[in-house]
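Here the structure is a predicted model, which is why all the values come from computation and not from measurement. Numbering starts at 1 and runs along the sequence shown.
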Amino acid sequence: MSVTGIPLTALIYGLCIEASFKAILSSAPSLVQKLQQKEPVFLISSILLCNLFALINFCLFLVNSVPEKANCETGNLFSTLSYHSFMLVFDAFILYKTYGITRWNKLFFCLALLVWLNRLGWSVADSVLSFALFDVNKHICTFNENPVSSVGYHTADLICDILATIASIYMMLLNRGNLIKDSNNLFVALGKQNMLRSCCVLLVYLIVTYISSSNFSFDVLRTTWAAQDYVFVNLINVELYYKESRAFKPPVPHSAGGNESINTPAINAVVSGGAQSLWSQRVRPFKVPENSQTCRSSIVV
């Protein structure tokens, strides 16, 4: 077995499990506190659910690595469900957060709802059409991912990313005067963070796409997916560890004739309830090698 086989992949997923577990321990008390104070909880609960589904999926990879009939068929079914559950919550988080940055623009809300429902449809289709079979004679587990649903949910995730990216860039350009003059502005900070995460995600996406389209072994592909998961789960959770240092005071509006500060109630609502600046996208290759002795790796949004 090569170094890029199960041992290295399991090590990376072990690090992912640690990151998700710590995030759950950090976000759960915040959720309880906000429920007691009757504050908005959509975003902090989204972070909690994302890490919960991710943790389930990471653990399932380790379990499904053992080629047994129960692990193969049942394990891969729950792996697929946990992956799509993560992405649905994750995409909802991204779109809702961007919706707040657009100051609750109704057009963006309609577009966001459409692309999210599109992702939901492909999630259902892939969960039904993709399955795993255990070969008793060869003692291997073969995951058969439907090529149509695979391309469908991959494209749906990309559409969510593109929509949120375009909206964030548009709002930044619309208020570009605040980028320098009002660097402490909450809107500017959120916009910069979203754009930075977008660049990181696109870079990882290009690397993974290159490796997936090249003639690398499946062990290399599996390790690449695991490394991608590790990067994305940390992009999600980094906000939990420095949100306390990001305390913004309502700035004093500029004088008449100047640009007004954009610390509006809409933007404040984006970070209330534990909202974090989150930008990541789970990127999956279109093809899954046949007769592979493993389950489909997952995590996510």
Side-chain angles (χ1 to χ4, degrees), residues 4-36 39-66 70-71 74-94 96-97 123 157 193 197 200-201 204 208 222-246 271 273-284 294-301:
T4 54
I6 292 293
L8 180 57
T9 306
L11 173 62
I12 297 175
Y13 273 118
L15 296 175
C16 292
I17 290 174
E18 179 187 18
S20 293
F21 189 72
K22 287 182 177 179
I24 291 174
L25 293 180
S26 299
S27 58
S30 298
L31 176 61
V32 173
Q33 180 181 8
K34 293 181 183 301
L35 286 173
Q36 293 175 345
E39 296 180 358
V41 296
F42 177 83
L43 293 170
I44 189 63
S45 59
S46 296
I47 294 176
L48 178 61
L49 286 175
C50 281
N51 280 280
L52 180 60
F53 288 128
L55 181 62
I56 293 173
N57 205 279
F58 296 149
C59 293
L60 284 174
F61 168 81
L62 300 179
V63 173
N64 295 340
S65 297
V66 180
N71 296 349
T74 306
N76 276 280
L77 173 61
F78 283 102
S79 179
T80 300
L81 292 175
S82 61
Y83 167 70
H84 289 303
S85 297
F86 166 80
M87 286 308 306
L88 286 170
V89 178
F90 181 67
D91 287 343
F93 180 96
I94 292 177
Y96 182 84
K97 190 171 185 299
S123 298
D157 288 331
Q193 291 161 10
R197 282 165 177 76
C200 292
V201 169
V204 174
V208 173
R222 180 170 48 195
T223 303
T224 302
W225 298 340
Q228 178 184 246
D229 288 342
Y230 180 72
V231 172
F232 287 158
V233 79
N234 279 283
L235 284 176
I236 295 172
N237 297 331
V238 67
E239 295 295 336
L240 292 173
Y241 299 102
Y242 91 106
K243 68 176 183 178
E244 294 181 359
S245 64
R246 189 176 59 197
V271 294
Q276 313 301 322
S277 179
L278 166 66
W279 191 261
S280 109
Q281 172 64 44
R282 174 69 170 99
V283 180
R284 298 287 303 268
T294 183
C295 67
R296 178 179 60 179
S297 161
S298 71
I299 188 180
V300 208
V301 45

Working to the nearest 0.5 Å, report the span between CD of Q36 and CG of L31. 10.0 Å

Supply the atom-to-atom distance C16 SG to N234 CG, rounded to the nearest 0.5 angstrom. 7.5 Å

For S45 and F42, indicate whether the former's side chain and the latter's backbone hold a donor-acceptor pair under 3.5 Å. yes

Tell me, please, which residues at least two apart from E18 pass side chain to side chain contact (heavy atoms under 4.5 Å, CB included). L15, K22

When every non-hydrogen atom of P40 is compared with those of K34, the smallest separation belongs to O-CD, 4.0 Å

Please evaluate residues L43 and Y96 with respect to the criterion side chain to side chain contact (heavy atoms under 4.5 Å, CB included), reporting the C-alpha separation (whole Å), side-chain torsions for both, the decisive distance (0.1 Å), and the verdict. CA-CA 8 Å; L43 293 170; Y96 182 84; 3.5 Å; yes

So OG of S26 and CD1 of I47: to nearest 0.5 Å the spacing works out to 10.5 Å

About how many Å separate CD1 of I44 and CZ of F93, when rounded to the nearest 0.5 Å? 8.0 Å

If you round to the nearest 0.5 Å, how far is CG of L35 from OG of S30? 11.0 Å

Quick one, T74 and L77 - any side-chain contact, counting heavy atoms below 4.5 Å? no

Which atom names give the shortest non-hydrogen contact between A19 and N237, and what distance separates them? O-ND2, 3.5 Å

How long is the span from the CG atom in L48 to the CZ atom in F53, to the nearest 0.5 Å? 10.0 Å

So which atom in I12 and which in A226 form the shortest heavy-atom distance, rounded to 0.1 Å? CG2-O, 3.3 Å

Any L60 side-chain heavy atom under 4.5 Å of S82 side chain: yes

